[in-house]
Amino acid sequence: VRETDHGGQDPTDMIGLTDLPLIDQHCHGVLTGPASTSRFADLLAESGLPTPAGVDRFDSQLGRAVRRRCAPLLGLGAHVPGRAYLARRDELGAADVAARMLTAAGIDTFLVDTGLRSPTPSEPLTTPDELAALVTGARAFEVTRIESVAERAAARTRGADDLPEAIEADLADAATRAVAFKSIIAYRAGLDVPAKAPDLASVRKASRDWLAQIASSRRAPRLTDPVLLHHTLWCAVRAAATAGLPLQIHTGFGDTDLTLHDSDPSLLTAFVRAVHGRGVRLVLLHCYPYHRQAGYLAYTYPHVYVDAGLAVNHVGPRAPAVLAEFLELTPVERLLFSTDAYGLPELYLTGAALFRQALGAVLGAFVADGSWLLADARRAARRIGSTNARELYRIG
Ligand SMILES: [Zn+2]
């Protein structure tokens with residue numbers, strides 16, 4: 001692979017995926033202003049904790065991908081040291097850098113989860129429309145986080161007896177505007193979700209406890225009670241089924257708020273089974289390192305989709321290995337591309353470039369050993385890159 005290439009001409013691309021159209025089916029806004037050295041380093045990691053002293057995040061797999069693939073877009077040589085990269089970035093300014101990265105990523109549609117806020121209030125993130133405006137001809141749709149809807153309902157509701165219905169009504173209303181729902185229940189209660197909704201008496205009691213706690217703490221409501229989380233998830237299933245929205249669920253690795261083994265998607269099995277036949281499609285986000293479990297669920301249940309994003313960015317040159325494991329069982333019509341980019345526009349470019357290269361390597365190997373026809377590999381790549389998302393989210 002040439003040192004100066006940012007993912008453009010790739011000699012390992014045996015099946016011609018250099019210009020594969022991509023829909024980013026799960027991502028976040030980027031910082032509208034400059035990123036300090038420490039902010040940039042923190043955003044290169046999924047940790048949530050500050051970068052430890054003596055650690056250079058540019059030496060991580062993702063940091064190396066940025067140096068290799070993004071530096072040439074700023075007029076630098078591939079693999080320049082992080083210091084030089086950040087100096088050039090400051091020189092050009094945030095808007096110019098973002099436009100260069102996002103345009104080179106070759107993503108034409110962004111599904112933006114607006115529930116993840118900026119690291120600090122003084123560093124705003126782009127809205128979905130602002131993000132789309134960075135790329136000529138691109139469009140963006142909003143993904144609504146269901147726990148945020150419940151938190152806003154709690155902030156507004158006076159009586160605990162009204163809260164269960166308020167959550168249900170607000171989700172039904174939100175479903176008319178969003179392209180998808182997203183749940184972060186993996187972070188708050190884990191994925192071992194019961195196969196049926198909690199009874200109303202338990203939900204009312206949990207509502208009373210939560211509202212009392214909000215009143216005494218004077219902080220913004222944060223939904224952590226398992227009964228209310230399960231109530232919210234089941235309300236979302238009903239609203240999503242009525243509106244025809246898919247429900248994205250975070251699974252697999254995340255920041256320090258997450259207990260990894262509670263985010264194994266196979267813990268969702270009872271819920272997946274209970275939802276089957278109710279008219280809602282589930283999208284298991286990220287999945288790594290449980291992507292084989294997720295692939296098994298997609299293989300077994302026709303309403304389960306699997307997202308190959310996030311891990312691809314963080315495992316760098318091992319992305320073909322991870323993608324190959326996704327493709328062991330996941331049907332090609334239910335595997336989806338995303339970057340899960342957040343804060344840094346670089347993450348769109350690295351996510352897209354690593355994905356195209358990894359998919360080309362994996363499908364190319366299937367073709368090379370005679371297992372797949374070239375035409376089938378190309379068709380599968382188009383499905384995974386954009387067709388599956390276009391059909392699933394009805395964004396034709
Ligand atoms: Zn995300």
Side-chain angles (χ1 to χ4, degrees), residues 1-20 22 24 27 30-31 35 37-47 51 55-92 94 96-107 134-135 288 308-324 337-365 381 385:
V1 176
R2 289 179 308 156
E3 286 286 289
T4 52
D5 130 51
H6 64 271
Q9 288 303 309
D10 181 349
T12 63
D13 180 11
M14 288 176 282
I15 59 170
L17 303 189
T18 305
D19 300 315
L20 181 72
L22 294 177
D24 193 340
C27 58
V30 297
L31 295 176
T37 300
S38 64
R39 175 69 67 220
F40 194 95
D42 294 347
L43 287 168
L44 279 183
E46 190 66 16
S47 161
T51 305
V55 168
D56 186 352
R57 295 280 199 213
F58 279 99
D59 287 342
S60 67
Q61 295 285 20
L62 178 54
R64 289 179 200 276
V66 167
R67 286 161 54 204
R68 175 191 164 200
R69 295 172 189 272
C70 303
L73 291 172
L74 305 189
L76 302 167
H79 296 292
V80 290
R83 265 189 330 279
Y85 183 83
L86 291 177
R88 177 68 179 144
R89 205 179 186 276
D90 282 347
E91 222 171 83
L92 290 168
D96 186 354
V97 171
R100 289 177 194 225
M101 296 300 156
L102 281 154
T103 302
I107 296 166
L134 291 165
V135 186
Y288 179 87
L310 186 61
V312 163
N313 245 340
H314 288 275
V315 302
R318 288 284 293 160
V322 172
L323 213 48
F337 161 76
S338 81
T339 59
D340 198 30
Y342 166 66
L344 301 177
E346 280 85 350
L347 307 187
Y348 285 96
L349 189 269
T350 54
L354 285 163
F355 179 78
R356 283 195 184 91
Q357 185 185 13
L359 192 62
V362 173
L363 295 179

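The figures that follow rest on heavy atoms only: side chains count, while hydrogens, waters and symmetry mates do not. Numbering starts at 1 and runs along the sequence shown.
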When the side chains of residues 98-106 are checked against the rest of the protein, which donor-acceptor pairs come out under 3.5 Å, sequence neighbours left out?
{"from": "R100", "atom 1": "NE", "to": "D96", "atom 2": "OD1", "distance (Å)": "2.8"}
{"from": "R100", "atom 1": "NH1", "to": "L73", "atom 2": "O", "distance (Å)": "3.1"}
{"from": "R100", "atom 1": "NH2", "to": "D96", "atom 2": "OD2", "distance (Å)": "3.3"}
{"from": "T103", "atom 1": "OG1", "to": "A99", "atom 2": "O", "distance (Å)": "2.7"}

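For R68 (side chain) and A78 (main-chain N/O), no donor-acceptor pair under 3.5 Å exists by modelled atom type. Counting only distance, with no hydrogens or angles, the side chain of R64 and the backbone of D59 share a donor-acceptor pair below 3.5 Å. Distance alone, capped at 3.5 Å, is enough to place a donor-acceptor pair between the R356 side chain and the L20 backbone. With hydrogens and angles ignored, the 3.5 Å screen pairs a side-chain donor or acceptor of D24 with a backbone N or O of T339.
D56 pairs by the salt bridge (charged side-chain N to carboxylate O under 4.0 Å, His left out) definition with nothing, not counting sequence neighbours. Residues satisfying the salt bridge (charged side-chain N to carboxylate O under 4.0 Å, His left out) test with R88, not counting sequence neighbours, are E91. In terms of the ring-ring contact (aromatic ring centres under 6.0 Å, His included) criterion, residue partners of Y288 (sequence neighbours excluded) are, by chain and number, F253, H291.
Each salt bridge (charged side-chain N to carboxylate O under 4.0 Å, His left out) pair with one or both residues in residues 76-87, not counting sequence neighbours, would appear here, but there are none. Residue pairs meeting the side chain to side chain donor-acceptor pair (under 3.5 Å) criterion with at least one member in residues 313-324, sequence neighbours excluded, are N313-T350.
When each of E346, Q61, R57 is paired with L44, the side-chain contact (heavy atoms from CB on, under 4.5 Å) condition holds for R57 and for no other.
Taking 4.5 Å as the limit, some side-chain heavy atom of F58 sits within range of a side-chain heavy atom of L86. Counting heavy atoms from C-beta on, the side chains of V312 and V322 never come closer than 4.5 Å.
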